Amino acid sequence: MPSNSLTVTDNRTGKSYELPITDGTVKAMDLRQIKTSDEDFGLMTYDPAFMNTAACRSAITFIDGDKGILEYRGFPIEELAERGTFLETAYLLLHGELPSKAQLEAYAKDIRYHTYVHTNIIKFLEGFRYDAHPMGTLLGVVGALSTFYPDAKDIGDPKNRYVQHIRLMAKLPTLAAFAFRHNRGLPYEFPSNDLGYIGNFVNMTFSIGGKHEPNKVLQRALEILLILHADHEQNCSTSAVRAVGSSHVDPFSAVSAGIAALYGPLHGGANEAVLRMLDEIDTKAGIPKFIESVKKGDGRLMGFGHRVYKSYDPRAKLIKKVAYDVFQQTGMNPKLEIAVELEQIALKDEYFIKRKLYPNVDFYSGLIYQAMGYPTDYFTVLFALGRLPGWLAQWEEMITDGEQKIARPRQVYTGPVRRPYVPVEKR
Ligand SMILES: CC(C)(COP(=O)(O)OP(=O)(O)OC[C@H]1O[C@@H](n2cnc3c(N)ncnc32)[C@H](O)[C@@H]1OP(=O)(O)O)[C@@H](O)C(=O)NCCC(=O)NCCS
């Protein structure tokens with residue numbers, strides 16, 4: 001009998017079963033043998049929202065929510081954010097190792113070569129209303145890219161998959177910037193391939209008359225934010241990319257599913273809600289009243305709490321530092337002072353201590369994006385730009401994982417039992 005096992009007794013039959021434990025998990029399929037009769041389908045697990053189900057093995061991102069640890073391929077997020085670049089991080093997530101200088105140059109060159117999008121994309125953009133939400137625009141045009149690259153369907157070929165990875169990494173900033181300018185009625189600014197990844201994106205969003213004075217501090221701040229968002233293991237949008245990609249559809253379609261998932265207010269949209277909350281609080285004097293209303297159950301302290309982190313979200317710590325760098329450039333935003341005081345008061349309050357509620361990634365990021373000149377409904381687009389390498393690395397890992405099949409959960413049927421059809425005149 002293996003020692004690493006779980007003994008289960010089915011009290012319906014009195015039978016006992018020995019289930020192997022591997023990596024702290026039991027296989028849900030091992031429960032299928034537990035039956036009350038030969039006709040019985042066998043036991044399943046019931047786990048709405050996958051609260052306690054590992055759906056894959058992954059070597060990409062490690063999170064310890066109690067200790068507040070986040071690592072990409074073993075590298076602490078703090079070190080990558082402080083010393084790394086976004087493209088290095090994207091390479092690391094995909095390949096598992098940091099690139100050599102030559103590998104990084106080759107990767108950056110491949111991306112630079114693919115930044116342009118087919119001009120027909122502009123016709124799609126013109127079809128969107130002037131006030132179209134940029135996330136709706138983005139998910140539409142990324143999905144449309146699949147029709148421009150029918151070769152992307154050949155997902156069994158590693159070289160082909162790499163080409164699509166490069167295309168998506170290269171074109172998402174261009175499409176995101178086009179969506180930004182569409183909302184302003186500004187002419188689209190095409191990629192300048194003499195600029196770096198971040199510089200090119202910022203230039204495509206803010207350049208007027210072909211001119212934009214780059215601010216290195218703000219660009220580095222944006223790069224850090226993108227690094228901090230690059231992956232977060234099996235979150236809602238990554239799970240969407242994996243589930244949709246498991247049908248073996250092309251990666252443009254799978255990534256557009258990820259963008260759709262991120263669009264939702266429970267996922268990518270919380271940083272918008274933080275800004276609305278700070279507006280409502282208005283001044284530091286309004287904080288105690290607001291905290292009392294949250295404790296009474298009238299709404300939540302937005303940007304606080306996390307499903308996985310039950311201590312300070314390591315990304316929030318780094319973002320708070322970035323906020324001060326940014327505000328040194330742009331001038332202090334009184335909302336930052338409200339946010340800092342709000343955080344201090346909440347962290348000392350029994351209600352938040354007892355529930356292990358700490359600031360999450362969204363608490364300070366919205367303030368930074370706003371200071372950079374991005375409007376509130378654009379924040380989630382910036383999140384998508386950051387998360388893309390994670391989606392692509394997780395997609396690659398899923399496609400090459402021999403244990404994966406098309407995602408197809410089971411259900412517990414709760415509808416009516418079989419009954420005869422009744423013609424409409426007799427109903
Ligand atoms: C992120 C979030 C959805 C995680 O939720 P969760 O793990 O399912 O936690 P629960 O909703 O079960 O909350 C547990 C308890 O903490 C309270 N709580 C959780 N987040 C809270 C918040 N931000 N403000 C006030 N109370 C909060 C709940 O009311 C609940 O209290 P109770 O036990 O007295 O009923 C939740 O913390 C939240 O809504 N935060 C605000 C939105 C946000 O910032 N989202 C971005 C996430 S990156």
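Below, each value reflects all heavy atoms present in this structure, side chains not excepted, and no hydrogens, waters or symmetry copies. Remember, it's a predicted structure, so these values are computed and weren't measured experimentally.
- Counting heavy atoms of neighbouring residues, nucleotides and ligands inside a 6.0 Å radius, atom NZ of K27 does not exceed 12 of them.
- In this model, no donor atom of one side chain and acceptor atom of the other lie less than 3.5 Å apart for T137 and H182.
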What do the steps show when you test E97 against Q103 for side chain to side chain contact (heavy atoms under 4.5 Å, CB included), and what is the final call? CA-CA 11 Å; E97 293 298 336; Q103 285 168 329; over 6 Å; no
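- Between the side chains of Q164 and R167, at least one donor-acceptor pair of N or O atoms lies under 3.5 Å.
- D231 is not listed as a side-chain neighbour of P389, based on a closest heavy-atom distance of 4.5 Å or more.
- Remark: the backbone N or O of E233 is paired with a side-chain donor or acceptor of N235 at under 3.5 angstrom.
- Remark: side-chain polar atoms of Y351 are not paired, donor with acceptor, to backbone N or O of I291 under 3.5 angstrom.
- Salt-bridge check for D131 with R129: passed, with a basic side-chain N closer than 4.0 Å to an acidic carboxylate O.
- One finds the CG atom of D250 at 9.0 Å from the CD1 atom of I155 (value rounded to the nearest 0.5 Å).
- Although no hydrogens or angles enter the test, the distance criterion places a donor-acceptor pair under 3.5 Å between the side chain of K171 and the main chain of H114.
- Of the candidates Y312, F304, Y358, F363 forms a ring-ring contact (aromatic ring centres under 6.0 Å, His included) with just one, namely F304.
- For the pair F148 and V117, the minimum side-chain heavy-atom distance is 4.5 Å or more.
- Salt bridge annotation for K289-E292: absent, with no cationic side-chain nitrogen under 4.0 angstrom from a carboxylate oxygen.
- Minimum interatomic distance between G156 and P158 (heavy atoms only, all atoms of both residues): O-CD, 3.5 Å.
- Between F206 and Y374, the angle of the ring planes lies from 30° to 60°, which puts this pair in the tilted group.
- Listed by chain and residue number, Y149 satisfy the ring-ring contact (aromatic ring centres under 6.0 Å, His included) test with F252 (two or more places apart in sequence, or in another chain).
- Shortest non-hydrogen contact noted between R300 and F290 is O-CZ, 4.0 Å.
- Interatomic distance, CD of Q219 versus CD1 of I198, reported as 8.0 Å (0.5 Å rounding).
- Ring orientation note: the planes of Y107 and H165 are tilted relative to one another, at an angle of 30° to 60°.
- The pair E223-R220 meets the salt-bridge criterion, since a charged nitrogen lies less than 4.0 angstrom from a carboxylate oxygen.
- Ion pairing of D23 with R57 is present here, as a side-chain N (NZ or NE/NH1/NH2) and a carboxylate O approach within less than 4.0 Å.
- The side-chain heavy atoms of V8 and L43, taken from C-beta on, include no pair separated by under 4.5 Å.
- Note: T147 OG1 to L145 CG = 7.5 Å, rounded to the nearest 0.5 Å.
- Rounding to the nearest 0.5 Å places CD1 of I287 at 4.5 Å from CD1 of I345.
- Inter-residue side-chain proximity for F327 and E337 is flagged as unmet; no heavy-atom pair is nearer than 4.5 Å.
- Side-chain atoms of S247 come within 3.5 Å of backbone atoms of V244 as a donor-acceptor pair (strictly under, hydrogens ignored).
- A 6.0 Å sphere centred on CZ of R184 holds more than 12 heavy atoms belonging to other residues, nucleotides or ligands.
- When side chains are defined from C-beta on, H232 counts as touching R387, because their heavy atoms get closer than 4.5 Å.
- D30 places no side-chain N or O within 3.5 Å of a backbone atom of L19 that could act as its donor or acceptor partner.
- The shortest distance between side-chain heavy atoms of S237 and Q394 does not fall below 4.5 Å.
- Remark: E105 CD to L87 CG distance equals 12.0 Å, nearest 0.5 Å.
- Checked options F128, F124, Y116, F190; the residue passing with F178 is F190 (criterion: ring-ring contact (aromatic ring centres under 6.0 Å, His included)).
- Here the side chains of L168 and W395 are not in contact, with every heavy-atom distance at 4.5 Å or above.
- In terms of modelled atom types and a separation under 3.5 Å, the side chain of R181 and the main chain of T205 share a donor-acceptor contact.
- Of the possible polar contacts, one joining the S311 side chain to the G68 backbone as a donor-acceptor pair under 3.5 Å is found.
- Counting only distance, with no hydrogens or angles, the side chain of D362 and the backbone of G303 share no donor-acceptor pair below 3.5 Å.
- Checking side-chain atoms of R315 against main-chain N and O of N360 turns up no donor-acceptor pair under 3.5 Å.
- In this structure, E272 pairs ionically with R276, as a charged nitrogen and a carboxylate oxygen lie closer than 4.0 Å.
- With ring centers used as reference points, Y378 lies under 6.0 Å from F180.
- To the nearest 0.5 Å, atoms OH (Y72) and CD1 (I60) are separated by 11.5 Å.
- Between L98 and L92, the closest heavy-atom pair is N-CD1, 3.6 Å.
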Trace of the side chain to side chain donor-acceptor pair (under 3.5 Å) decision for S58 with E397: CA-CA 7 Å; S58 182; E397 187 175 61; 2.6 Å; yes
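- Taking both residues in full, the closest heavy atoms of N160 and A152 are given as OD1-CA, 3.9 Å, listed atom of the first, atom of the second, then distance.
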After noting the C-alpha distance and the side-chain angles of Q404 and S246, does the key distance pass the side chain to side chain contact (heavy atoms under 4.5 Å, CB included) rule? CA-CA 8 Å; Q404 290 295 332; S246 77; 5.8 Å; no
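- Across all their heavy atoms, A240 and A257 have their closest contact at CB-O, 4.0 Å.
- Nearest heavy-atom pair, A384 versus L172, reported as atom, atom and distance to 0.1 Å: O-CD2, 3.9 Å.
- Looking at L225 and I368, their side chains come closer than 4.5 Å, going by heavy atoms from C-beta outward.
- Between H306 and Y309, the ring-plane angle classifies as tilted under the 30° and 60° cut-offs.
- In terms of modelled atom types and a separation under 3.5 Å, the side chain of Y197 and the main chain of P173 share no donor-acceptor contact.
- The aromatic ring centroids of F383 and Y263 lie 6.0 Å or more from each other.
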